[in-house]
> 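Sharing a structure with you now.
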Amino acid sequence: MNPKTKQIAASYVFILPALFLFLVFSVYPFFKVFQISATSWDGISPDAAFVGWNNFKDIFFDNPVFWLSMKNAFFITVLALTIQNLLALFLAFLCDRDIRGGNIYRVIFYLPPVLSGIVVGLIWNWIFDGNYGLLNHFLAFIGLGDICRAWLAHPQTALWAVAVIHLWKGFGWGFVILLAGLQSIPRELYEAARVDGANSWVVFKNITTPLMIPVFILVSILTILGTMQIFDIIIATTGGGPGYHTEVPMTRIVAMIVGASKLGYACAMGVIFGLILLVLSLMQIRASKMMRQV
Amino acid sequence: MKLTGKVLAFFCLVVFFAGCLAGKRPSNEVTVWHWMSDRDDVFRDLAGRFEKETGIRVRFELLAPSESYRQRIRAAAQTNMLPDIFGVLGEKRDFAAYIRSGFVKDLTEEMSKQTGDRSMAWKDTFFEKAIAVNSFAADNEFGVEAGIYGVPLDASTIQMIYNKQIYKSAGLDPEKPPLTWKEFVEHNRILKKEGYPGFVSGFGELWMIEAMASNWAMNLMGEEKVFDTYRGLVPYTAHEWVEVLNLFKQMADEGILIDGAVTMVNKTAEQTFVNERATYAFNGSWSVNIYRGMNPHLDYGSFPVPAISSARPMRVWGGSGSSLVVNNRSPRQEEAVRFLRWLTAEDQQRYLAQKTEDLPSIRAGREWVSGVQAQFVSSIETVTHPNMYPVHEDPAVQEAFLKGIQYILIGEKTPEEVAGQTQRLKEKELAKTVGMATAS
């Protein structure tokens with residue numbers, strides 16, 4: 001064996017442990033999910049009956065609750081993509097300027113995302129409580145006692161209330177990434193534009209926005225993936241209720257595993273859900289590329 | 001190549017020794033996996049006593065919360081790494097799956113052997129219903145061989161609880177809780193008039209709705225008719241089912257259920273009751289310990305779910321609170337059974353009940369429980385539970401029915417709509433089952 005081949009072989013040996021771990025903990029489970037999704041396995045028995053496409057057919061044509069849960073997740077995602085990210089961008093702009101105590105604001109804004117979703121859910125349960133909640137107390141104080149209600153149990157407000165919690169918990173991620181993006185834009189460009197007489201809007205439109213497009217893409221994709229997979233906040237607040245008003249795909253998948261012991265069916269749901277997320281992300285990337293070309 | 005060889009050899013050695021270390025364990029040490037974080041110390045204490053008496057070491061491993069525990073048990077079953085003793089959480093079909101897969105020892109023979117000072121068969125020392133939830137009858141729907149497969153550590157019943165202090169303040173007799181639905185509604189009207197809050201329950205957890213609804217259904221139409229509904233012989237549109245659903249509608253219309261209870265988890269409902277923000281709660285006997293921890297001065301009592309018919313007895317949910325099973329593949333089965341036999345003997349049961357305030361699983365426990373615990377234990381011989389049912393509802397139909405009750409409670413659907421939708425789903429699921437049976 002010549003020295004070059006030896007060197008290459010040695011390099012492969014060094015990556016062997018990492019490759020082994022990657023294959024066992026990432027690649028194998030990935031393909032295993034596809035395999036299980038074609039069975040009616042309960043997750044316990046050693047044998048699983050092969051059912052082919054039956055689970056997928058049932059989900060597509062005979063499971064309206066799953067698609068309702070998808071619609072609910074999509075609703076929260078739209079709110080997150082708009083309200084949450086606009087808020088994050090606005091705050092990032094403020095902190096990008098050399099304001100006094102800027103670092104303190106950064107820490108404060110970044111606190112909600114690092115809190116556990118269950119803890120956040122419990123705190124907001126108390127805020128939204130129908131009888132002794134902080135929000136109702138405040139509303140009564142300012143004379144809006146008529147609209148007081150159990151925000152998380154009312155059919156018209158439950159999904160909005162859950163969305164508000166998610167937006168509050170999630171905007172910090174976008175804030176940090178957008179702030180990092182803003183700070184990476186060379187200051188000379190702004191200075192040159194100012195010298196040329198550009199106002200704030202023109203600077204934002206012609207300098208900040210084009211240079212921030214890759215960051216917007218990243219934040220949007222992370223928002224879509226993170227929000228569509230919302231779970232812990234729902235479990236800590238509404239459990240998917242009342243009725244199916246706050247069900248999301250993750251709660252349906254867990255309900256299939258825990259409540260019905262249908263692991264094969266749950267895996268099929270997971271595969272469909274994963275493919276939808278993949279398509280959404282690809283669409284987002286494509287749309288952003290087109291925007292960049294414009 | 002020398003270097004490559006050395007790296008490979010090192011890697012193999014690491015893997016080899018890691019495997020050796022993981023497998024090292026004393027031969028007579030019994031391992032127990034459990035999820036009961038509130039009594040882990042008590043278990044360890046008892047394990048220490050058992051070791052002193054017998055020389056057999058028992059190691060308790062706490063895997064909490066219960067959801068994580070369930071997943072861990074499932075994963076361990078797949079890799080054949082279940083401990084000597086463990087508990088199966090979940091529904092009867094999960095229990096059956098573990099048995100069918102050969103992970104659970106059949107304890108029928110052991111249970112027939114005499115035990116303790118009272119010279120009776122081990123199974124006869126327990127409350128009958130505590131054993132029933134751990135048993136499978138002949139020709140059961142799960143295809144499990146008839147027998148007893150679990151050992152109940154404690155018992156439980158799920159009943160109504162009421163705040164005696166609020167009752168007094170509202171001018172109601174604190175020793176006369178409402179035993180019928182009519183009385184319950186009347187008492188609630190008085191409470192409402194006097195400005196006191198009504199009823200709370202963790203109806204965000206569907207099993208709590210299921211417990212209450214099935215109590216009423218069995219009271220109104222009898223157990224057999226409920227089971228016939230599950231078998232597909234009686235429709236959900238039958239007037240008795242609509243009447244049951246109507247009780248929830250009345251609960252909503254009269255403002256009996258406190259605002260927000262429909263998505264509340266039981267833990268929050270417990271806090272609400274303890275903080276005297278509700279006069280009634282629907283909860284299990286385990287709540288005695290929880291309420292004591294949260295508010296030791298709370299003055300409360302327990303009573304069965306208010307009956308809607310006097311034609312049949314009011315059956316509440318209950319049976320075994322928590323049970324443990326012996327791993328059928330364990331080399332230490334004998335020691336494991338010996339430990340469980342010891343753990344359920346009178347002295348240990350008394351100690352457990354004192355420390356945890358749970359109901360003991362043995363009949364002798366009746367003699368030494370008092371207060372609210374005695375009220376809970378009074379119905380232990382007549383309790384029912386899905387784990388004792390001869391037939392079970394399809395999970396999708398069950399969910400649709402219970403979610404339907406949530407819709408009724410929030411005023412979005414009528415009892416007739418929910419009954420009709422549940423029945424349509426039931427027929428669809430039945431047709432699927434028939435289709436699958438024909439195909440196979």
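Because the structure is a prediction, the values reported are computed rather than measured. Hydrogens, waters and symmetry mates are skipped; everything else that's a heavy atom, side chains included, is used. In the text below, chain A, chain B and the rest are named by the order of the sequence lines, each starting its count at 1.
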> Can you tell me if Glu91(B) and Asn387(B) form a side-chain donor-acceptor pair at under 3.5 Å?
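No, because no side-chain N or O of Glu91(B) sits under 3.5 Å from a partner of the opposite role on Asn387(B).
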> Give me the one residue out of Val120(A), Val114(A), Leu111(A) that meets side chain to side chain contact (heavy atoms under 4.5 Å, CB included) with Lys169(A).
Val120(A)
> Who among Met256(A), His245(A), Arg149(A), Lys262(A) has the most heavy-atom pairs with chain B under 4.5 Å?
His245(A)
> Any side-chain heavy-atom pair from Phe199(B) and Met251(B) closer than 4.5 angstrom?
yes
> Can you tell which part of Glu205(B) gets under 4.5 Å to a heavy atom of chain A, answering side chain, backbone, both or neither?
neither
> Using heavy-atom distances under 4.5 Å, tell me whether Phe128(A) contacts chain B through its side chain, its backbone, both, or neither.
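For Phe128(A), there is no contact with chain B at all, as no heavy atom is under 4.5 Å.
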> In terms of heavy-atom proximity below 4.5 Å to chain A, should Arg70(B) be classed as side chain, backbone, both, or neither?
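Just its side chain gets close to chain A.
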> Against chain B, label Thr246(A) side chain, backbone, both or neither, depending on which of its atoms sit under 4.5 Å from a heavy atom there.
neither
> Less than 3.5 Å apart, any donor N or O on the side chain of Asn131(A) or Arg277(B) sitting next to an acceptor on the other?
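The criterion, which ignores hydrogens and geometry beyond distance, is not satisfied for Arg277(B) and Asn131(A).
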> With chain B as the partner, which of Leu152(A), Val254(A), Val258(A) has the greatest number of non-hydrogen pairs under 4.5 Å?
Val258(A)
> Select one option (side chain, backbone, both, neither) describing which atoms of Phe203(B) are under 4.5 Å from chain A's heavy atoms.
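No part of Phe203(B) comes within 4.5 Å of chain A.
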> Where does Lys428(B) contact chain A at under 4.5 Å (heavy atoms): side chain, backbone, both or neither?
side chain
> Can a donor-acceptor pair be found between the side chains of Asn63(A) and Tyr265(A) at a distance below 3.5 Å?
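A pair is found: one side chain offers a donor N or O, the other an acceptor, under 3.5 Å apart.
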> Would you tell me whether Ser261(A) and Asp94(B) have side-chain atoms, one donor and one acceptor, within less than 3.5 Å of each other?
yes
> Taking atom types as modelled, is there a side-chain donor on Asn2(A) or Thr5(A) under 3.5 Å from an acceptor on the other?
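On atom types as modelled, these side chains qualify, holding a pair under 3.5 Å.
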> Scan side-chain atoms only and decide if Glu427(B) and Gln423(B) contain a donor-acceptor pair under the 3.5 Å cut-off.
yes
> Counting only heavy atoms closer than 4.5 Å, note whether Lys267(B) contacts chain A via side chain, backbone, both or neither.
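It is neither, since no heavy atom gets under 4.5 Å.
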> Is the shortest side-chain N to carboxylate O distance from Lys426(B) to Glu429(B) below 4.0 Å?
no
> Can you say whether Gln156(A) sits under 4.5 Å from chain B via the side chain, the backbone, both, or neither, judging by heavy atoms?
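When you check distances to chain B, no heavy atom of Gln156(A) falls under 4.5 Å.
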> Please rank Arg100(B), Arg74(B), Gln398(B) by heavy-atom pairs under 4.5 Å with chain A and give me the top one.
Arg74(B)
> With a 4.5 angstrom heavy-atom cut-off, is it the side chain or the backbone of Glu399(B) that approaches chain A, or both, or neither?
both
> Below 4.5 Å, heavy-atom pairs only: which of Ala153(A), Gly243(A), Gly240(A), Ala150(A) has the largest tally toward chain B?
Gly243(A)
> Taking the six-membered ring of Tyr389(B) as reference, does the cationic atom of Lys92(B) (NZ for Lys, CZ for Arg) lie under 6.0 Å from its centre and within 45° of its axis?
no
> Under a 4.5 Å cutoff for heavy-atom pairs, which residue among Thr263(B), Ile408(B), Val265(B) has the most contacts with chain A?
Thr263(B)
> Please rank Pro155(A), Gly239(A), Gly130(A), Gly241(A) by heavy-atom pairs under 4.5 Å with chain B and give me the top one.
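Top count of heavy-atom pairs under 4.5 Å with chain B: Pro155(A).
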> Given a strict heavy-atom distance threshold of 4.5 Å, which part of Asp47(A) is in contact with chain B: side chain, backbone, both, or neither?
neither
